[in-house]
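Contents: one structure, followed by commentary.
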Amino acid sequence: MIVDFHTHNFPDALAKRAIDGMLKLLNGCLYPVGDGTLARQIADMKQDGVTHAVMCPVATKPEQADVIVRRACEIRDGACGEDAAKMIIPFASLHPADADLNRHLDLILKVGLKGVKLHPYYQRFALEDPRMIPFFASIRDAGLVVVCHCGMDPGYLEHPIECGPRHIATLMRNVPGLGPQFVAAHLGGFSGAEPGDVDCLLDTGCWLDTAVLESDQTKDEPCRIVREWPADRLLFGTDYYWTGERQLIDWVRANRPNPTDRELIFHGNAERLLGLSLR
């Protein structure tokens with residue numbers, strides 16, 4: 001069993017326009033392996049041997065929270081097909097500027113979704129900003145898992161990094177108890193940080209996902225983190241449709257040969273964090 005804890009897709013009518021917009025932003029830095037549709041994701045998962053995937057939408061505007069929850073429920077409840085209902089674990093998203101945050105939190109809990117995805121660049125916030133403390137405290141108190149983009153983003157190379165390891169550590173100090181619910185994507189934001197900086201997160205209780213771009217998979221620091229970090233704090237994640245799942249499966253296996261560690265990284269930790277038994 002393999003759970004990909006970090007994936008994306010769009011409604012069919014939006015997929016091409018959304019990816020075209022991101023490709024323009026990326027200006028040739030990165031190209032997708034999928035077309036952004038749910039059907040293509042399911043097909044690629046089957047081909048690559050991925051049994052389950054957490055779907056991580058991003059609300060770029062506060063009013064998108066309701067639409068995202070509605071689609072998540074449709075996928076989970078079978079409106080998009082049996083395979084999607086069985087294989088996709090949909091998350092919600094919240095926007096830091098949401099004046100209706102409490103209602104949206106209540107909605108997410110009422111419908112039974114397990115977590116939310118956040119992206120500091122797309123949602124225009126900084127992890128160290130004191131104004132973010134009540135927002136993250138509300139997510140913590142709701143008991144939701146939060147997957148947060150961390151580190152450099154290829155589409156925002158001229159933007160200062162405000163979500164690297166040191167920023168995450170500050171957030172963990174500002175919001176005590178958040179760590180066990182917080183997934184620091186892209187190996188804790190190693191990209192753009194100094195070698196070894198990610199290790200400042202070892203005492204925070206937060207998780208790292210393994211979503212590493214192909215261009216970074218031969219570099220020393222991401223390989224070191226996957227080899228050396230506690231296996232019970234790593235979650236397999238790809239950022240699919242940007243990175244192929246089989247490629248990252250092979251990369252993680254090459255850097256983490258111990259079978260027990262692999263079981264944790266590929267599915268055991270995800271099941272524990274989500275409170276699910278996936279078979």
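Along the sequence shown, residues carry numbers from 1.
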Distance-only criterion, 3.5 Å: show the donor-acceptor pairs between side-chain atoms of residues 136-147 and protein atoms not counting sequence neighbours.
| unit_1 | atom_1 | unit_2 | atom_2 | d |
| --- | --- | --- | --- | --- |
| S138 | OG | P134 | O | 2.9 |
| R140 | NH1 | P176 | O | 2.8 |

Checking [X] now: which residues fulfil side-chain contact (heavy atoms from CB on, under 4.5 Å) with it, not counting sequence neighbours?
X    : result
E162 : A126, H159
R166 : D197, C200
D232 : P230, L264, N269, R272
R17  : L14

Would D153 and H119 count as a side chain to side chain contact (heavy atoms under 4.5 Å, CB included) if you check the C-alpha gap in whole Å, the side-chain angles of each, and the deciding distance to 0.1 Å?
CA-CA 10 Å; D153 185 292; H119 197 302; 3.2 Å; yes
When rounded to the nearest 0.5 angstrom, what distance separates [atom1] in [X] from [atom2] in [Y]?
X    : Y    : atom1 : atom2 : answer
D4   : M55  : CG    : CE    : 13.0 Å
W229 : L208 : CH2   : CG    : 4.0 Å
R233 : L273 : CZ    : CG    : 11.5 Å
N102 : L107 : CG    : CG    : 12.5 Å
T170 : E128 : OG1   : CD    : 4.0 Å

Whether [X] side chain and [Y] backbone form a donor-acceptor pair below 3.5 Å:
X    : Y    : result
W207 : F182 : no
Q47  : A43  : no
D48  : V50  : no
T51  : I2   : yes
R40  : V33  : yes
R256 : R227 : yes
Q123 : A97  : no
H167 : G164 : yes
Q217 : V212 : yes
T243 : L213 : no

Residues R124 and D129 bridged, charged N to O under 4.0 Å
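No, this pair does not count.
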Under the rule for salt bridge (charged side-chain N to carboxylate O under 4.0 Å, His left out), what residues qualify as partners of [X], not counting sequence neighbours?
X    : result
R70  : none
D98  : none
K16  : D20
E228 : R224

Listed partners of Y240 passing ring pair (Phe, Tyr, Trp, His ring centres under 6.0 Å), at least two apart
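With neighbours one apart ignored, the set is empty.
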Looking only at the side chains, is there a donor atom on one of D216 and H186 sitting less than 3.5 Å from an acceptor on the other?
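Note: D216 and H186 side chains miss the donor-acceptor criterion.
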Shortest non-hydrogen separation from G151 to Y121 and the atoms involved
O-OH, 2.9 Å
What closest approach, in Å, do K114 and F91 show between heavy atoms, and which atom pair accounts for it?
CB-CE1, 3.9 Å
D203 atom CG: more than 12 heavy-atom contacts under 6.0 Å
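Incorrect, the count does not exceed 12.
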Taking atom CD of E63 as the centre, report whether more than 12 heavy atoms of other residues, nucleotides or ligands fall under 6.0 Å from it.
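Result for CD/E63: enclosed.
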Given M172 and L178, is the side chain to side chain contact (heavy atoms under 4.5 Å, CB included) satisfied, shown in steps?
CA-CA 6 Å; M172 297 300 109; L178 177 63; 3.7 Å; yes
With sequence neighbours excluded, what pairs up with T7 under the side chain to side chain donor-acceptor pair (under 3.5 Å) test?
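Result, side chain to side chain donor-acceptor pair (under 3.5 Å) vs T7: Q41.
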Partners of E263 by side chain to side chain donor-acceptor pair (under 3.5 Å), sequence neighbours excluded?
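Only H267 meet the side chain to side chain donor-acceptor pair (under 3.5 Å) criterion with E263.
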Y31 and L23: side chain to side chain contact (heavy atoms under 4.5 Å, CB included), yes or no, with the steps?
CA-CA 7 Å; Y31 294 94; L23 286 174; 4.0 Å; yes
Side chains of C148 and I168 in contact at under 4.5 Å (non-hydrogen atoms)
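No, too far: nothing below the 4.5 Å cut-off.
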